[in-house]
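Structure first, commentary second.
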Amino acid sequence: MYEAFYGLREKPFTIQPDPDFLYFGKRHSLAFTMLQYGVENRVGFTVICGEVGCGKTTLVRHLLNTLGQGLTVGLVSNTHQDIADLQEWVLLAFGLPYDGMTPVARYDAFQRFLIQEFAAGRRVVLIVDEAQNLSSGALESLRMLSNINADKDQLLQVILVGQPELRAKLQQPELRQFAQRVGVDFFLPPLTPEEVAKYVRHRLHVAGREEPLFTDEALTLIAQATGGIPRSVNILCDMALVYGFGADMATIDSPLVLEVLADRRNFGVLEVDLPLE
């Protein structure tokens with residue numbers, strides 16, 4: 001809609017995880033380094049936590065794009081509290097049969113799969129997204145699967161990605177044994193105001209825009225209104241560009257951002273805090 005008007009090749013502020021637009025702030029860079037270390041050193045459990053929209057899933061996708069060959073990856077994304085045993089979901093994640101099998105048969109099938117992949121020189125990585133939804137029983141079933149080893153080699157590596165509730169859950173006494181298996185953990189905080197400005201400019205650059213588009217005052221307002229959450233920054237910046245296009249404005253300034261915030265507060269479905277009047 002507004003791409004040609006602002007000299008953009010594509011929309012810079014979509015909310016879909018896209019590794020091509022990944023911005024490495026200080027904490028995001030450190031989180032990615034921790035993820036790399038966990039996979040490359042065959043750490044049993046890696047845990048990445050952060051608020052909704054902080055970029056956790058994008059980081060994991062970027063990691064997978066950089067690891068190259070020799071990796072077999074399974075993803076469990078539809079987690080919920082009613083899952084008491086993850087074995088079926090884990091088998092499904094790797095395209096293995098699971099229907100009608102007893103728990104012992106499922107465990108044996110997965111064990112043989114891990115040994116087969118290890119013999120072929122491939123690392124097996126299981127990613128569990130929205131892991132804060134898992135019950136203690138489901139997490140314990142993961143711990144049991146991690147017991148499958150070949151001498152000193154860890155045959156299954158698990159990356160848990162979740163919201164702050166996951167960190168609190170792993171500190172519960174009944175999950176003490178599980179927590180002791182976590183070799184790498186990191187909490188991803190929101191972007192600082194300075195990082196928000198760099199983040200916005202970075203995404204505009206990737207989308208093809210070299211000239212400044214948002215004023216410094218507008219970027220300060222965006223950082224305040226979004227709390228530094230990248231997904232919220234994307235939504236607000238996208239709406240500001242729509243408003244700017246509609247008003248034939250070459251630059252997005254602070255009055256326009258305030259107008260967007262006011263309209264979202266007064267006429268939107270979701271409540272939005274207005275930082276400045």
Discussion item. With heavy-atom distances below 4.5 Å as the criterion, would you say the side chains of Leu126 and Ile159 are in contact?
Written reply: no

Worksheet item: So which heavy atom on Ala218 is nearest to which on Asp253, and how close?
Response: CB-C, 3.6 Å

Worksheet item: Do Met1 and Val260 belong to the same hydrophobic cluster, where Ile, Leu, Val, Met, Phe, Trp and Tyr are linked whenever their side-chain heavy atoms lie under 4.5 Å apart, directly or via other members?
Response: yes

Worksheet item: With side chains defined as the heavy atoms from C-beta onward, is the minimum distance between Glu130 and Val161 less than 4.5 Å?
Response: no

Practice prompt. Please indicate whether Phe5 has more than 12 foreign heavy atoms, meaning atoms of other residues, nucleotides or ligands, lying under 6.0 Å from its CZ.
Written response: yes

Discussion item. With side chain to side chain contact (heavy atoms under 4.5 Å, CB included) as the criterion, how do Arg201 and Leu219 come out once you've worked through the C-alpha distance, each side chain's angles and the decisive distance to 0.1 Å?
Written reply: CA-CA 10 Å; Arg201 294 178 183 126; Leu219 291 171; 3.4 Å; yes

Item to complete: Taking all heavy atoms of Val39 and all of Arg123, pick out the closest pair and write down the distance.
Response: O-NH1, 3.1 Å

Worksheet entry | Lys56 (side chain) donor-acceptor with Gly50 (main chain) under 3.5 angstrom | yes

Item to complete: Report yes or no: does Arg209 contribute a side-chain atom to a donor-acceptor pair with the main-chain N or O of Leu8 at less than 3.5 Å?
Response: no

Worksheet item: From Leu160 CG over to Leu139 CG, what is the distance, rounded to the nearest 0.5 angstrom?
Response: 6.5 Å

Item to complete: Using a 4.5 Å cut-off on heavy atoms from C-beta on, say whether the side chain of Tyr107 contacts that of Met101.
Response: no

Worksheet item: Any chance CD of Glu210 has more than 12 other-residue heavy atoms, nucleotides or ligands included, within less than 6.0 Å?
Response: yes

Item to complete: Hey, could you give me the SG/CZ distance between Cys54 and Phe187, rounded to the nearest 0.5 Å?
Response: 7.0 Å

Discussion item. I want to check something: taking the side chain as every heavy atom from C-beta on, are Val90 and Leu145 in contact at a cut-off of under 4.5 Å?
Written reply: yes

Worksheet item: Ignoring hydrogens and geometry, is there a side-chain-to-backbone donor-acceptor pair from Asn234 to Thr14 under 3.5 Å?
Response: yes

Worksheet entry | Candidate pair Thr46 and Val158, rule side chain to side chain contact (heavy atoms under 4.5 Å, CB included), full reasoning | CA-CA 6 Å; Thr46 298; Val158 181; over 6 Å; no

Discussion item. I need the minimum non-hydrogen distance between Val200 and Cys237, along with the two atoms involved.
Written reply: CG2-SG, 3.8 Å

Worksheet entry | Heavy-atom pair of closest approach, residues Ile252 and Ala240 | CD1-O, 3.6 Å

Worksheet entry | Gln172 (side chain) donor-acceptor with Leu170 (main chain) under 3.5 angstrom | no

Discussion item. Less than 4.0 angstrom from a charged side-chain N to a carboxylate O is my criterion; do Glu88 and Arg106 meet it?
Written reply: yes

Discussion item. Classify the ring geometry of Phe94 against Phe113: parallel below 30°, tilted from 30° to 60°, perpendicular beyond 60°.
Written reply: tilted

Discussion item. Working note: Glu51 + Gln163, criterion side chain to side chain donor-acceptor pair (under 3.5 Å); need CA distance, chi angles, decisive distance, verdict.
Written reply: CA-CA 5 Å; Glu51 295 289 348; Gln163 296 172 26; over 6 Å; no

Response to the item:
Between the CG atom in Leu155 and the CZ atom in Arg42, the distance rounded to the nearest 0.5 Å is 8.0 Å

Item to complete: Would you check if the distance from the ring center of Phe245 to the ring center of Tyr6 is below 6.0 Å?
Response: no

Discussion item. Side chains of Asp129 and Thr79, heavy atoms from C-beta outward: is any pair under 4.5 Å?
Written reply: no

Worksheet item: Would Lys198 and Glu195 pass as an ion pair if we require N to O under 4.0 Å?
Response: no

Item to complete: Show the numbers, then the answer: is there a side chain to side chain contact (heavy atoms under 4.5 Å, CB included) between Phe45 and Gln154?
Response: CA-CA 10 Å; Phe45 285 94; Gln154 186 80 39; over 6 Å; no

Fill in: Residues Glu117, Thr72; criterion side chain to side chain donor-acceptor pair (under 3.5 Å); working and verdict
CA-CA 8 Å; Glu117 294 298 296; Thr72 300; 2.7 Å; yes

Worksheet entry | Between OG1 on residue Thr102 and CD on residue Gln87, distance to nearest 0.5 Å | 9.0 Å

Worksheet item: Ser232 side chain to Gly228 main-chain N or O, any donor-acceptor pair under 3.5 Å?
Response: no

Worksheet item: Between the main-chain N or O of Leu86 and the side-chain N or O of Ser141, is there a donor-acceptor pair closer than 3.5 Å?
Response: yes

Worksheet entry | Centroid-centroid distance, His28 to Phe186, less than 6.0 Å | no

Worksheet item: Where is the tightest heavy-atom contact between Gly38 and Val184, given as atom of each residue plus distance?
Response: CA-CG2, 4.1 Å

Worksheet entry | Atom pair CD1/CD1 of Ile15 and Ile235 - distance to nearest 0.5 Å | 5.0 Å

Practice prompt. Given side chain to side chain contact (heavy atoms under 4.5 Å, CB included), test Leu134 with Val128 step by step and report yes or no.
Written response: CA-CA 10 Å; Leu134 295 177; Val128 183; 3.8 Å; yes

Practice prompt. Compute whether any side-chain donor of one residue and acceptor of the other, for Asp238 and Tyr2, lie under 3.5 angstrom apart.
Written response: yes

Worksheet item: If only atom types and distance count, is the side chain of Arg143 paired as donor or acceptor with the main-chain N or O of Ser146 below 3.5 Å?
Response: no

Worksheet item: What is the minimum heavy-atom distance between Gly183 and Val43, and which atoms define it?
Response: CA-CG1, 3.5 Å

Worksheet item: Is the Phe13-Phe21 ring centre distance short of 6.0 angstrom?
Response: no

Practice prompt. Flag the pair Arg181 / Asn147 as yes when at least one side-chain heavy-atom distance between them is below 4.5 Å, and no otherwise.
Written response: yes

Item to complete: Enter the distance from Leu191:CG to Tyr23:OH here, rounded to the nearest 0.5 Å.
Response: 7.0 Å

Worksheet item: Any side-chain heavy atom of Glu259 within less than 4.5 Å of one from Tyr243?
Response: yes

Worksheet item: Is Val124 close to Phe118 at the side-chain level, that is, under 4.5 Å between some pair of heavy atoms?
Response: no

Worksheet item: Hey, are Asp18 and Arg231 close enough for a salt bridge, meaning a charged N less than 4.0 Å from a carboxylate O?
Response: no

